[in-house]
Amino acid sequence: MSTGQPTRILILGGGFGGVHTALTLEKLLKRELRDRTVEVGLVSRENYMVFQPMLPEVISGSIGLLDTITPIRRLCPSTNLYTRTVEKIDLDRRRVSAAAGFGSQQCSLSYDHLVVALGNVTSFAGQHGLAEHALPFKYLGDALTLRNRIIHTLEEADIEPDPEIRRTLLTFVVAGGGFSGVEAVAEINDLVRAAAGSFRNVNKDEIRVVLLHAGPLILPELPPSLAEFAQRLLMKRGVEIRLNTRLEGATAEAALLVGGDRIVTRTLVSTVPSMPNPLVAMLDCKKERGRIVVDEHLELPNYPGVWAVGDCAFITDARSGEPAPPTAQHATREAHCVAENVVASLRGQPKRTFSFRALGKMGSLGHHSAVAEVFGMKISGFLAWWLWRTVYLMKLPGLDRKIRVATDWTLDLILPPDIVQLKTDKPSGIRREHFEPGQVVFREGDRGDWLYVVVDGEVEVVKAIPDGGETSLRRLGRGECFGEIALVSDRPRSATVRSLTDVNLLAVDREAFHALFSNLPPLRGFFEQLIDTRTA
Ligand SMILES: Cc1cc2nc3c(=O)[nH]c(=O)nc-3n(C[C@H](O)[C@H](O)[C@H](O)COP(=O)(O)OP(=O)(O)OC[C@H]3O[C@@H](n4cnc5c(N)ncnc54)[C@H](O)[C@@H]3O)c2cc1C
């Protein structure tokens, strides 16, 4: 090791792969870190690590929101943490650029060894309307948003007289029958059915919870007998499972299925598509299915000193010859191996070959039930659930978190579910919406709270005529807007607008519209002229 500048080991990503790499390096390089001959740095968007296997329990409130996360600084006290977003990795110049913080300067970090552990990201690309209307389920914020949405829909349903709208509000759809989809649907089902008792006008029989799965049996990762057990149990608890069914798109009020079927809903969760991190996609190195290909030591073949682990890496297991699956178990073992190999490189010692066979697979089904395959043994029901909780409690980093989660779980056995709807974000003044042909954007007589701009597609503006029926006023296409009359005059909508084709719209809310209308004279002039023309 050099005695001048410290050797810099930089880790990108604060998930299972990144944090366990830092933890192991801290153990193996105690002396070097103390003597400052080695520096370990970790760049991550958040200053905490999320224990994703417990995320579904945040939905039902079985455990508190903050109990699934652990501050990285406490876990890895000898690591320099940069809570920043990585924007560029330059493998040739051995530099990483991270986004500016409070100031405007990017932060540029050089490295001797780089460990890429950036995971993958949720992608709704290619499925129209999903980005606008489906809820992803990967990060901590997603679990909170979903929980709030569910409680919000129950609040709305409680005071909604229209049976069609109630049906839409009380239908909850999850797409994806893998572990995260199944665990999410089980928790949603538990939450809505238990919480319904606190809403005077919500009848449990009106609630519909649907799981969509593209294959013939959910949980394809498990042996069929366990997957069948899980399927039967969920159905018994009221979850409707639609097999061989793919989600194609979404609108604000429906999940659209391949083949033309639709399920009306205001809560659609998609756990299906995940794609490689865009930063990984930008790297000029060998990739397989979008993931970074590494050798048996987890190092990039053409870039000595650059390593990759976790969901963003394509790792072929040395013993089985199979690609390592994207799981927390694997990311953790890969992290241990990569840390040992970085240290071996620094010390000029031989590197270890990565091989790991998963000890087991477990999935919670809510309500004191789970399925598990451990050391080849198949377990289901209460015993699997107890095992699931014990294993995850042991694996959860930090003693304080273990105590908090154990307390939450105990209280959850006796207390009713919390139904507080936390309003954290200021609602955005501008949003995107997607409509299928023939859908109504707004109706004559509705309150006019939004101005719409057509991003693509075509809509028709129609007005009811006294003897029944309606007359078409105009068609509007890309770049045109509508909805301004009701906003400016503060009167109900004077016409109905319906989509003629697939339509994507930008919707600007009343407050944002009035801020622009009042303060931007050219814009004000534009709208006044438009209203004159349209009302003439
Ligand atoms: C809901 C859910 C349940 C799961 N349940 C299980 C389970 O029961 N068992 C199991 O084994 N696996 C489970 N998994 C899978 C497991 O969580 C992943 O395989 C594991 O997290 C992968 O670890 P990673 O370090 O590769 O990626 P991640 O844990 O995703 O970490 C990636 C890190 O990189 C950071 N990052 C990404 N881009 C940037 C950027 N541009 N700048 C800065 N930081 C960035 C992220 O913020 C994050 O900290 C589950 C996953 C989900 C979503």
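Please read these numbers as outputs of a predicted model, since none were measured by experiment. In each ligand, atom 1 is the first atom listed, and ligand 1 is the first ligand listed.
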Atoms of ligand 1, numbered as shown, that sit under 4.0 Å from any heavy atom of [X]:
| X | answer |
| --- | --- |
| Ala117 | 32 (C), 33 (C), 34 (O) |
| Ser180 | 1 (C), 2 (C) |
| Ala331 | 23 (O) |
| Gln329 | 11 (O) |
| Thr85 | 41 (N), 42 (N), 43 (C) |

Consider every N or O of [X] and every N or O of ligand 1, then say whether any pair is closer than 3.5 Å.
| X | answer |
| --- | --- |
| Pro326 | yes |
| Phe16 | yes |
| Gly310 | no |
| Asp311 | yes |
| Arg45 | yes |

What heavy-atom pair brings Val269 and Ile188 nearest, and what distance separates the two atoms?
->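 Closest pair (atom of Val269, atom of Ile188, distance): CG2-CD1, 4.2 Å.
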How does [X] reach ligand 1, by side chain, by backbone, by both or by neither, if only non-hydrogen atoms under 4.0 Å count?
| X | answer |
| --- | --- |
| Ser44 | both |
| Ala328 | both |
| Leu279 | side chain |
| Asn277 | side chain |
| Arg84 | backbone |

Considering non-hydrogen atoms of the protein only, which is the closest contact for [atom], and what is the distance?
| atom | answer |
| --- | --- |
| atom 3 (C) of ligand 1 | Gln52 O, 3.5 Å |
| atom 41 (N) of ligand 1 | Val86 O, 3.2 Å |
| atom 5 (N) of ligand 1 | Pro53 CA, 3.5 Å |
| atom 27 (O) of ligand 1 | Gly119 CA, 3.4 Å |
| atom 47 (O) of ligand 1 | Glu46 OE1, 2.7 Å |
| atom 30 (O) of ligand 1 | Lys138 NZ, 3.6 Å |
| atom 45 (C) of ligand 1 | Leu118 CD2, 3.6 Å |

Parallel, tilted or perpendicular: which fits the ring planes of [X] and [Y], with parallel below 30° and perpendicular above 60°?
| X | Y | value |
| --- | --- | --- |
| Phe356 | His330 | perpendicular |
| Phe382 | His368 | perpendicular |
| Phe51 | Tyr392 | perpendicular |

How many angstroms lie between [atom1] in [X] and [atom2] in [Y], if you round to the nearest 0.5 Å?
| X | Y | atom1 | atom2 | value |
| --- | --- | --- | --- | --- |
| Ser320 | Arg357 | OG | CZ | 9.0 Å |
| Asp284 | Tyr303 | CG | OH | 5.0 Å |
| Leu212 | Asn244 | CG | CG | 11.5 Å |
| Leu10 | Arg94 | CG | CZ | 11.0 Å |

N-O pairing of Glu156 and Arg266 below 4.0 Å = no
So does Arg147 pair up with Glu187, basic N to acidic O under 4.0 Å?
-> no
Quick one: does Phe137 get within less than 4.0 Å of ligand 1, heavy atoms only?
->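 Within the 4.0 Å threshold, so yes.
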Is the closest heavy atom of Tyr139 to ligand 1 under 4.0 Å?
-> no
Can you check side-chain hydrogen bond (donor to acceptor under 3.5 Å, both in side chains) on Asn120 and Lys138, steps first, answer last?
-> CA-CA 10 Å; Asn120 56 24; Lys138 181 167 170 65; 3.2 Å; yes
Does atom CZ of Arg246 have more than 12 heavy-atom neighbours from other groups under 6.0 Å away?
-> no
More than 12 heavy atoms of other residues, nucleotides or ligands under 6.0 Å from NZ of Lys378: is that the case?
->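 Open: at most 12 neighbouring heavy atoms sit under 6.0 Å from NZ of Lys378.
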Out of [options], whose heavy atom is nearest to [atom]?
| atom | options | value |
| --- | --- | --- |
| atom 29 (O) of ligand 1 | Gly18, Gly13, Gly15 | Gly15 |
| atom 25 (O) of ligand 1 | Pro56, Gly17, Gly363 | Gly17 |
| atom 9 (N) of ligand 1 | Trp388, Phe179, Tyr392 | Tyr392 |

Can a protein heavy atom be found under 4.0 Å away from atom 14 (N) of ligand 1?
->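 No, no protein heavy atom sits under 4.0 Å from atom 14 (N) of ligand 1.
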Could you walk me through whether Cys76 and Leu81 pass the side-chain contact (heavy atoms from CB on, under 4.5 Å) test, one step at a time?
-> CA-CA 9 Å; Cys76 314; Leu81 178 66; over 6 Å; no
With Leu135, the side chain to side chain contact (heavy atoms under 4.5 Å, CB included) member among Leu268, Leu130, Thr267 =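 Answer after filtering Leu268, Leu130, Thr267: Thr267.
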Have a look at Glu340 and tell me which of Leu298, Leu28, Leu25 forms a side chain to side chain contact (heavy atoms under 4.5 Å, CB included) with it.
->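 The passing option is Leu28.
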